[in-house]
Novice: 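Here it is: the structure, laid out below.
Keep in mind that what you see is a predicted model, and the values were worked out from it rather than measured.
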Amino acid sequence: MKINLSTAKKLQKTKGWGTSACWWAQACKDSDTQDKIIDLLYGKDGLGLNIYRYNIGGGTDPENCRVPDPWRRTESMMLFDKEKEETSWDFTRDKTAVEVMKKALDTGNVDTLILFANSPHYSQTSTGQASGGLLKHTCNIPKSKYRAFAHYFLTVTEYFIEQGFPVKYISPINEPQWKWGGDVVWQEGCHYEPEEVAEVLHIFATEIKRRNIPVKMCIPESGELLQTTPKYLWAILADDEIMEVTDIIAYHSYHVDNSPESRYDFCKQIVRANPQYRFDMTEWCELPCRHHTRDFKGALITARIIGQDMIYCQAVSWTSWVAVNGIAKKEDGFDYADSLISASPDFKEWSIAERYYGYAHFSKFIPVGSVALNIGVRPTADNNDFNVFAFSVPDGSTVIVAVNEGEKNTLEIEGDFTSSKVIMSNQNEKLKTVYDGDFIPTLEIDSDTIITAILK
């Protein structure tokens with residue numbers, strides 16, 4: 001493949017990289033383990049992430065909860081007395097998750113703190129549970145409780161701001177189009193139709209302004225690129241009150257891992273059609289997860305998706321789903337956790353997944369303020385084994401990330417450079433500097449390998 005970086009077209013300026021503290025942070029109680037994981041994710045020698053997503057949980061009613069996994073139940077700062085039908089506050093709750101968030105902020109690398117919710121508080125739902133309705137695709141919060149939901153979420157937001165947490169964005173709704181609920185539930189979630197999303201967010205918008213809270217909204221966290229996404233997007237774009245306090249149109253890029261065409265279409269139909277708005281990719285993991293945590297194919301897929309989301313969708317930032325998930329061993333003895341790190345319930349056993357290194361090839365070398373470049377490469381689902389992505393970074397360097405999932409390949413680079421530094425990862429080596437010297441215009445990239453090249 002030949003690329004000419006001197007003629008590359010500048011795209012969007014990037015705002016960085018993130019992940020979610022849902023739900024691992026509440027379970028990670030050992031201080032030393034917290035420090036090690038935060039260093040891996042947010043430390044300067046780790047991924048150096050700058051975006052942190054904290055979950056304002058819907059809470060757990062111990063007498064009325066169908067979520068089987070304790071990690072996916074949440075502790076709320078709002079208490080509910082069933083007999084009196086009264087609420088009260090205890091801001092010492094969710095203590096462990098807050099401790100972890102503080103440690104991330106203490107690295108000095110986090111410039112974007114987002115509070116998000118998967119469901120309203122269980123006391124505000126139709127079922128009395130935060131895991132969705134009894135019927136699939138049914139909204140689990142009655143209209144009479146919309147304002148109560150906003151009060152709950154924004155009161156927690158105000159508390160964090162008063163405590164000095166630099167909350168920049170709130171995200172009250174997550175993946176509204178999915179079924180959430182029914183006979184089988186596994187986590188918090190709430191389905192909304194597009195008009196219901198608009199009604200709830202309208203109340204949030206008016207309350208943000210009434211309370212004069214210095215935050216913007218990051219919405220609607222659509223769970224897919226196209227399909228039903230336009231309906232949800234048009235519903236919020238049509239409401240001036242909502243858009244007045246909205247800074248980010250957030251979407252997730254699940255279910256189209258081998259479809260670059262879907263990303264071209266999303267960019268054309270949604271992003272370029274609305275150039276006045278910022279679009280961020282706020283959740284992705286391999287779903288379903290077909291590659292175990294020791295299989296470097298997981299890193300290759302992760303790196304390919306990051307690059308395609310940043311270049312072809314023109315995402316302003318990219319955030320993985322959960323940083324840590326529970327160990328998920330299958331019959332073959334391997335762990336199929338879909339996260340960057342996997343851990344036992346008590347965190348006595350935990351390890352880094354291979355996909356962590358796929359993320360590192362971007363986050364460690366492409367800082368906030370970098371500019372994505374269109375180098376004219378346009379893969380298809382039938383020709384998706386060799387991907388190359390380029391960014392112009394603030395120090396004047398150009399960074400290339402090449403993801404080779406096929407046979408050994410050659411990348412020929414045209415441009416005015418004097419030096420090259422090449423970092424490589426594969427099944428056996430991780431983030432190894434394999435060259436650092438004069439500019440080399442031709443790079444040989446082995447099969448199943450990721451390289452990051454820093455050109456100056």
Side-chain angles (χ1 to χ4, degrees), residues 10-22 25 37-54 100-101 103-116 165-171 215-219 221 246-253 271 277-285 302-323 339-341 355-373 389-401 423 431 452 454:
K10 291 184 177 180
L11 301 173
Q12 79 284 5
K13 183 178 287 189
T14 64
K15 295 288 187 178
W17 317 96
T19 192
S20 165
C22 185
I37 291 177
I38 287 300
D39 283 345
L40 283 167
L41 298 171
Y42 290 93
K44 62 181 177 61
D45 294 326
L47 294 180
L49 304 179
N50 66 292
I51 300 171
Y52 193 98
R53 295 181 79 215
Y54 170 87
V100 172
M101 177 167 58
K103 289 185 175 184
L105 294 170
D106 287 345
T107 65
N109 289 331
V110 177
D111 60 20
T112 303
L113 175 57
I114 303 172
L115 308 182
F116 78 102
F165 289 86
V167 181
K168 188 176 288 187
Y169 299 107
I170 66 165
S171 181
V215 295
K216 294 284 188 177
M217 289 201 291
C218 171
I219 55 175
E221 302 276 7
T246 295
D247 192 28
I248 298 174
I249 305 297
Y251 66 92
H252 306 165
S253 63
V271 179
Y277 300 120
R278 165 182 168 179
F279 288 82
D280 287 34
M281 205 304 296
T282 52
E283 271 193 31
W284 178 85
C285 66
T302 298
R304 167 169 36 94
I305 295 300
I306 293 172
Q308 292 188 353
D309 282 341
M310 296 300 290
I311 304 299
Y312 306 140
C313 289
Q314 295 183 20
V316 169
S317 73
W318 197 93
T319 296
S320 78
W321 174 214
V322 289
S339 44
L340 305 175
I341 295 168
R355 61 182 62 88
Y356 172 95
Y357 300 101
Y359 202 169
H361 272 272
F362 287 87
S363 66
K364 288 178 71 67
F365 308 106
I366 303 167
V368 174
S370 298
V371 176
L373 300 175
F389 313 104
F391 299 81
S392 175
V393 305
D395 70 0
S397 304
T398 298
V399 174
I400 295 172
V401 180
I423 299 96
L431 301 173
T452 294
I454 303 169

Novice: Is it true that the side chains of Glu283 and Thr319 contain a donor and an acceptor less than 3.5 Å apart?
Specialist: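 Looking only at side-chain atoms, Thr319 and Glu283 do not form any donor-acceptor pair under 3.5 Å.
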Novice: Taking the side chain as C-beta and beyond, is there a heavy-atom pair between Trp284 and Ile305 under 4.5 Å?
Specialist: yes
Novice: Looking at every non-hydrogen atom in both residues, tell me the closest pair between Pro166 and Leu113 and how far apart they are.
Specialist: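 So the two residues come closest at O-CB, 3.6 Å.
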Novice: Taking the side chain from Asn109 and the backbone from Tyr42, do they hold a donor-acceptor pair closer than 3.5 Å?
Specialist: yes
Novice: Taking ring pair (Phe, Tyr, Trp, His ring centres under 6.0 Å) as the test, write out the residues that go with Tyr359, two or more places apart.
Specialist: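 Here the qualifying residues are Trp318.
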Novice: For Gly16 versus Val368, what's the shortest heavy-atom pair and its separation?
Specialist: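 The answer is CA-CG2, 4.0 Å.
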Novice: How far does OH of Tyr52 sit from CG of Leu115, to the nearest 0.5 angstrom?
Specialist: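 Going from the OH atom of Tyr52 to the CG atom of Leu115 covers 11.0 Å.
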Novice: If you define the side chain from C-beta out and look only at heavy atoms, does anything of Ser320 sit under 4.5 Å from Cys285?
Specialist: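 No. Closest side-chain heavy atoms not under 4.5 Å.
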Novice: Evaluate the side-chain proximity of Phe165 to Met101: yes if any heavy-atom separation is below 4.5 Å, no if none is.
Specialist: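 Counting from C-beta outward, Met101 and Phe165 do come under 4.5 Å.
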Novice: Return yes if a side-chain donor-acceptor contact under 3.5 Å exists between Asp395 and Ser397, otherwise no.
Specialist: yes
Novice: Does the side chain of Val322 reach to within under 4.5 Å of the side chain of Thr19, using non-hydrogen atoms?
Specialist: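 No, their side chains stay 4.5 Å or more apart.
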Novice: Please check if the side chain of Asn50 supplies one atom and the backbone of Val110 the other of a donor-acceptor pair under 3.5 Å.
Specialist: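 Checking the backbone N and O of Val110 against the side chain of Asn50, no donor-acceptor pair under 3.5 Å is found.
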Novice: Would a distance-only check, ignoring hydrogens and angles, find a side-chain to backbone donor-acceptor pair under 3.5 Å from Ser171 to Cys218?
Specialist: yes
Novice: If you define the side chain from C-beta out and look only at heavy atoms, does anything of Phe362 sit under 4.5 Å from Val399?
Specialist: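 Counting from C-beta outward, Phe362 and Val399 never come under 4.5 Å.
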Novice: Step through the shown structure and confirm whether more than 12 heavy atoms of other residues, nucleotides or ligands are within 6.0 Å of NZ on Lys15.
Specialist: no
Novice: Please round to the nearest 0.5 Å and tell me the distance separating atom CG of Asp309 and atom CZ of Phe389.
Specialist: 9.0 Å
Novice: Specify the closest pair of heavy atoms between Cys313 and Tyr251, including all atoms of both residues, with the distance to one decimal.
Specialist: CB-OH, 3.3 Å
Novice: Does the ring center of Tyr169 lie less than 6.0 Å from the ring center of Phe116?
Specialist: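 No, too far apart.
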Novice: Return the set of residues passing ring pair (Phe, Tyr, Trp, His ring centres under 6.0 Å) with Tyr54 (not counting sequence neighbours), or none when no residue passes.
Specialist: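 Here the qualifying residues are Phe160.
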Novice: For Thr398 and Ser392, which I'm curious about, is there any donor-acceptor pair between the side chains at under 3.5 Å?
Specialist: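 Checked: Thr398/Ser392 side chains show no N/O donor-acceptor pair below 3.5 Å.
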Novice: Distance check, rounded to the nearest 0.5 Å: Arg278 atom CZ versus Ile249 atom CD1?
Specialist: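 Arg278 atom CZ to Ile249 atom CD1 measures 11.0 Å (nearest 0.5 Å).
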Novice: For the side chain of Thr14 and the backbone of Ser370, is there at least one donor-acceptor N/O pair under 3.5 Å apart?
Specialist: yes
Novice: Is it true that a side-chain atom of Arg355 and a backbone atom of Ser339 form a donor plus acceptor pair closer than 3.5 Å?
Specialist: yes
Novice: Could you grab the distance from atom CG of Asp111 to atom CD1 of Ile51, nearest 0.5 Å is fine?
Specialist: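 Result: 7.0 Å between the selected atoms.
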Novice: Taking only residues two or more places apart in sequence, or in another chain, which ones meet Lys168 in a salt bridge (Lys or Arg N to Asp or Glu O under 4.0 Å)?
Specialist: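 With neighbours one apart ignored, the set is empty.
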Novice: Atom CZ of Arg53 and atom CD1 of Ile114: how far apart are they, to the nearest 0.5 Å?
Specialist: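 Here the interatomic distance stands at 6.5 Å.
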Novice: Are the side chains of Lys44 and Thr107 in touch, meaning some heavy atoms are under 4.5 Å apart?
Specialist: no
Novice: If you round to the nearest 0.5 Å, how far is CG of Leu49 from NZ of Lys364?
Specialist: 10.0 Å
Novice: Taking all heavy atoms of Ile38 and all of Lys103, pick out the closest pair and write down the distance.
Specialist: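 Ile38 and Lys103 have their closest heavy atoms at CG2-O, 3.7 Å.
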Novice: Main chain of Met310, side chain of Gln12: is a donor-acceptor contact present, judged purely on distance under 3.5 Å?
Specialist: yes
Novice: Give the minimum heavy-atom separation between Thr302 and Gly358, together with the two atoms involved.
Specialist: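 Smallest interatomic distance, heavy atoms only, reads CG2-C, 4.5 Å.
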Novice: If you take all heavy atoms of Ala250 and Thr282, which pair is closest and at what distance?
Specialist: CB-OG1, 3.6 Å
Novice: Do Ile37 and Ile341 come close enough that some side-chain heavy atom pair is under 4.5 Å?
Specialist: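 Heavy-atom side-chain distance check passes, below 4.5 Å.
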Novice: State, yes or no, whether a side-chain contact exists between Lys216 and Ile248 at a heavy-atom distance under 4.5 Å.
Specialist: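 Not in contact.
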